[in-house]
Amino acid sequence: MTEITRDVVVIGAGAAGLTAANELKKAGLSVAVLEARDRVGGRLWTDVIDGAMLEIGGQWVSPDQDALKDTLAELGLETYDRYREGDSVYIGQDGVLTRFTGEIFPVKPDTEKVIVELIEKLDAMVALVDPDRPWESPDAEALDSISFEEWLKQQTDDTEARENIALFIAGAMLTKPAHAFSTLQALLMAASAGSFSNLVDADFILDARVVGGLQQVPLLLAERLGDDVHLNAPVRTLRWNDEGVTAEAEGVTVHARRVIIALAPVLYNRISFVPALPRRQHQMHQHISMGFVIKVHAVYDRPFWREQGLSGTAFSPYELSHEAYDNTNHGDERGTLVGFVSDKNADGVFALSAEERKERILESLSHYYGPEAKNPVVYYESDWGSEEWTRGAYAASFDLGGLHRYGADLRTPVGPISFACSDMAGAGYQHVDGAIRMGRLAAERIVAEEHALIGAQA
Ligand SMILES: Cc1cc2nc3c(=O)[nH]c(=O)nc-3n(C[C@H](O)[C@H](O)[C@H](O)COP(=O)(O)OP(=O)(O)OC[C@H]3O[C@@H](n4cnc5c(N)ncnc54)[C@H](O)[C@@H]3O)c2cc1C
């Protein structure tokens, strides 16, 4: 058992924890990062499966994500645009496939009118929401007590319009059914990306990827920390008082003045806090849960859909894979499609055998791209629900009423304990950008307090 002393111990080597540790080190503080897994990156994981490089976790960068873009520039990482030439496809309520360009799905004119009006209304509501303080928005309490599904029902009888608008937040973002989260939570999701229109616009929200994979961010950040990153070190116990903390992980114990807990809030209860966390945290953390989505990777000998003039971008609230994209790697001759199977659909296919599940998912992709989609040379399902140290995808959100009731306290430190994670971000919420912002914020607070302490002692 190694026993060490540092100024700050960081629990979790995802984008948030590694950003925080680097910022602390830059400010002259000593750090140790304790990571449960045998790798860094958390929900960022680029790996080679059957000869194909796949982004098993997060991958896309959008133009508003300044914190992530700054980090990419600092680390010397390059991006490339998602392939988007040609037509997108949409499968409607009637099961008919239509090719289209632009952002609005090719639905009948009445439905299109309702969709456009709803997007305008949501944009206006989102404009009043500060993503860092959604609980202070006008009508926040009322909006947090009504599910997004119910709110949409109150707006229109047009089911196809409702199902399309719900899709952007439910299946595509929070990865929970639209009855399971509030309208305020939906507005936060949109506000965190700048507007509801930005979320609707695949060319904005899924703009670019990193050459060589997004896991390079945590890998390079960890490289700068060297031996200060300890892998295979799940923290089991955290002892704390006003003087400092002791983090007891497998194989290593760290004594420090402060700790940053940089993991998904759903995992806090894996750590035994001595003494226990306060009542507020005990209650609050029970109202946050992970969404659930399967990210499906299908690699083909060539991007055959491009020969048909298709961009690869595909949507349907009525398909098992509700959205899919051309995910071909930079400079790769082969073509890769990525599809997503969310929440209840994911539950349904996980009740099947692996073979049946693959068949059902590829069948769904073939509805968008034709029968060739059924025969990939590499097929892989990212299943974050079975990952002990994540337990879902993409990220966590509050249940009905939780955001208004508890949101303001989620990032509040408790004694020497700070919290940082993409799941508690305002701008960049649920994204790598948010993880980096939260890592920076936690580090900035600690550095300011340490400097104030040194000033007071001088
Ligand atoms: C399939 C998928 C696709 C996504 N797509 C995108 C995308 O395209 N763009 C985007 O911006 N974001 C995307 N995201 C979200 C993004 O990846 C996450 O929001 C972000 O990486 C979270 O970073 P984090 O550091 O906050 O948390 P995490 O990455 O979850 O890091 C937490 C770390 O803590 C460790 N840990 C947990 N418990 C303990 C313990 N007791 N002791 C020690 N260590 C512990 C974990 O192993 C993990 O390494 C996606 C996520 C998934 C899963």
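For the single chain, residues carry numbers from 1 onward in sequence order. Every number for a ligand or one of its atoms is a count from 1 in the order of the listing.
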So do [Y] and [X] actually touch side chain to side chain, heavy atoms under 4.5 Å?
{"X": "Leu263", "Y": "Tyr268", "result": "yes"}
{"X": "Val61", "Y": "Asp207", "result": "no"}
{"X": "Arg440", "Y": "Asp70", "result": "yes"}
{"X": "Val338", "Y": "Val296", "result": "no"}
{"X": "Ile165", "Y": "Phe196", "result": "yes"}

Between the candidates [options], which shows the shortest non-hydrogen contact distance to [atom]?
{"atom": "atom 45 (C) of ligand 1", "options": "Pro265, Gly57, Ala36", "result": "Ala36"}
{"atom": "atom 39 (C) of ligand 1", "options": "Leu263, Thr237, Val338", "result": "Leu263"}
{"atom": "atom 21 (O) of ligand 1", "options": "Gln65, Arg236, Arg43", "result": "Arg43"}

Close aromatic pair by centroid cut-off 6.0 Å: Phe398 and Trp135: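 No: the rings miss the under 6.0 Å criterion.
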
Flag, side chain of Ser364 to backbone of Ser321, donor-acceptor distance under 3.5 Å: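 Such a contact is found between Ser364 side chain and Ser321 backbone.
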
Side-chain donor or acceptor of Tyr369 paired with backbone N/O of Gly312 under 3.5 Å: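 Judged by distance alone, yes, a pair lies under 3.5 Å.
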
Any idea which protein heavy atom is nearest [atom], and the distance to it?
{"atom": "atom 31 (O) of ligand 1", "value": "Gly14 CA, 3.5 Å"}
{"atom": "atom 10 (C) of ligand 1", "value": "His431 CD2, 3.4 Å"}
{"atom": "atom 9 (N) of ligand 1", "value": "Trp60 O, 3.1 Å"}
{"atom": "atom 53 (C) of ligand 1", "value": "Ala393 CB, 3.6 Å"}
{"atom": "atom 40 (C) of ligand 1", "value": "Val235 N, 3.7 Å"}
{"atom": "atom 38 (N) of ligand 1", "value": "Trp389 CE3, 3.3 Å"}
{"atom": "atom 47 (O) of ligand 1", "value": "Glu35 OE2, 2.6 Å"}
{"atom": "atom 6 (C) of ligand 1", "value": "Gly58 CA, 3.2 Å"}

Geometric class of the Phe105/Phe315 ring pair [parallel <30°, tilted 30-60°, perpendicular >60°]: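 Correct class here is tilted.
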
For [X], the ligand 1 atoms whose distance to one of its heavy atoms is below 4.0 Å:
{"X": "Gln430", "result": "15 (C), 19 (O)"}
{"X": "Ala16", "result": "25 (O), 26 (O)"}
{"X": "Arg37", "result": "46 (C), 47 (O), 48 (C), 49 (O)"}
{"X": "Ala435", "result": "23 (O), 24 (P), 26 (O)"}
{"X": "Gly41", "result": "29 (O)"}
{"X": "Gln59", "result": "5 (N), 6 (C), 7 (C), 8 (O), 9 (N)"}
{"X": "Leu44", "result": "17 (O), 21 (O)"}
{"X": "Gly12", "result": "33 (C), 34 (O), 35 (C), 44 (N)"}

Please say whether more than 12 non-hydrogen atoms of neighbouring residues, nucleotides or ligands are located less than 6.0 Å from [atom1] in [X].
{"X": "His330", "atom1": "NE2", "value": "no"}
{"X": "Arg445", "atom1": "CZ", "value": "yes"}
{"X": "Glu78", "atom1": "CD", "value": "no"}

Do any heavy atoms of [X] fall under 4.0 Å from ligand 1?
{"X": "Ala395", "result": "no"}
{"X": "Ala249", "result": "no"}
{"X": "Thr19", "result": "no"}
{"X": "Arg270", "result": "no"}
{"X": "Ala264", "result": "no"}
{"X": "Thr390", "result": "no"}
{"X": "Ala262", "result": "yes"}

Test of understanding: given a 4.0 Å heavy-atom threshold, classify the contact between [X] and ligand 1 as side chain, backbone, both, or neither.
{"X": "Trp384", "result": "side chain"}
{"X": "Val293", "result": "neither"}
{"X": "Val432", "result": "both"}
{"X": "Val40", "result": "neither"}
{"X": "Cys421", "result": "both"}

Please determine if [X] and [Y] form a salt bridge, counting it only when a charged side-chain N lies under 4.0 Å from a carboxylate O.
{"X": "Lys358", "Y": "Glu381", "answer": "no"}
{"X": "Asp326", "Y": "Arg82", "answer": "no"}
{"X": "Arg360", "Y": "Glu363", "answer": "no"}

Side chain to side chain contact (heavy atoms under 4.5 Å, CB included) evaluation trace for Ile11 with Val259: CA-CA 7 Å; Ile11 307 178; Val259 60; 3.8 Å; yes

Atom pair [atom1] ([X]) and [atom2] ([Y]), whose distance is rounded to the nearest 0.5 Å:
{"X": "Leu72", "Y": "Glu74", "atom1": "CG", "atom2": "CD", "result": "10.0 Å"}
{"X": "Arg302", "Y": "Asp332", "atom1": "CZ", "atom2": "CG", "result": "14.0 Å"}
{"X": "Met424", "Y": "Leu441", "atom1": "CE", "atom2": "CG", "result": "10.5 Å"}

Answer yes or no: does an N/O atom from [X] fall short of 3.5 Å to an N/O atom of ligand 1?
{"X": "Lys295", "answer": "no"}
{"X": "Ser422", "answer": "yes"}
{"X": "Asp433", "answer": "no"}
{"X": "Ala15", "answer": "yes"}
{"X": "Ile56", "answer": "no"}

Would you list the atom pairs, donor with acceptor, under 3.5 Å between side chains in residues 39-46 and any protein atom, with sequence neighbours excluded?
unit_1, atom_1, unit_2, atom_2, d
Arg39, NH1, Gly42, O, 3.1
Arg39, NH1, Leu44, O, 3.3
Arg39, NH2, Gly42, O, 2.9
Arg43, NH1, Tyr394, O, 2.9
Arg43, NH1, Asp423, OD1, 3.1
Arg43, NH2, Asp423, OD1, 3.1
Thr46, OG1, Glu55, OE1, 2.6
Thr46, OG1, Gln215, N, 3.2

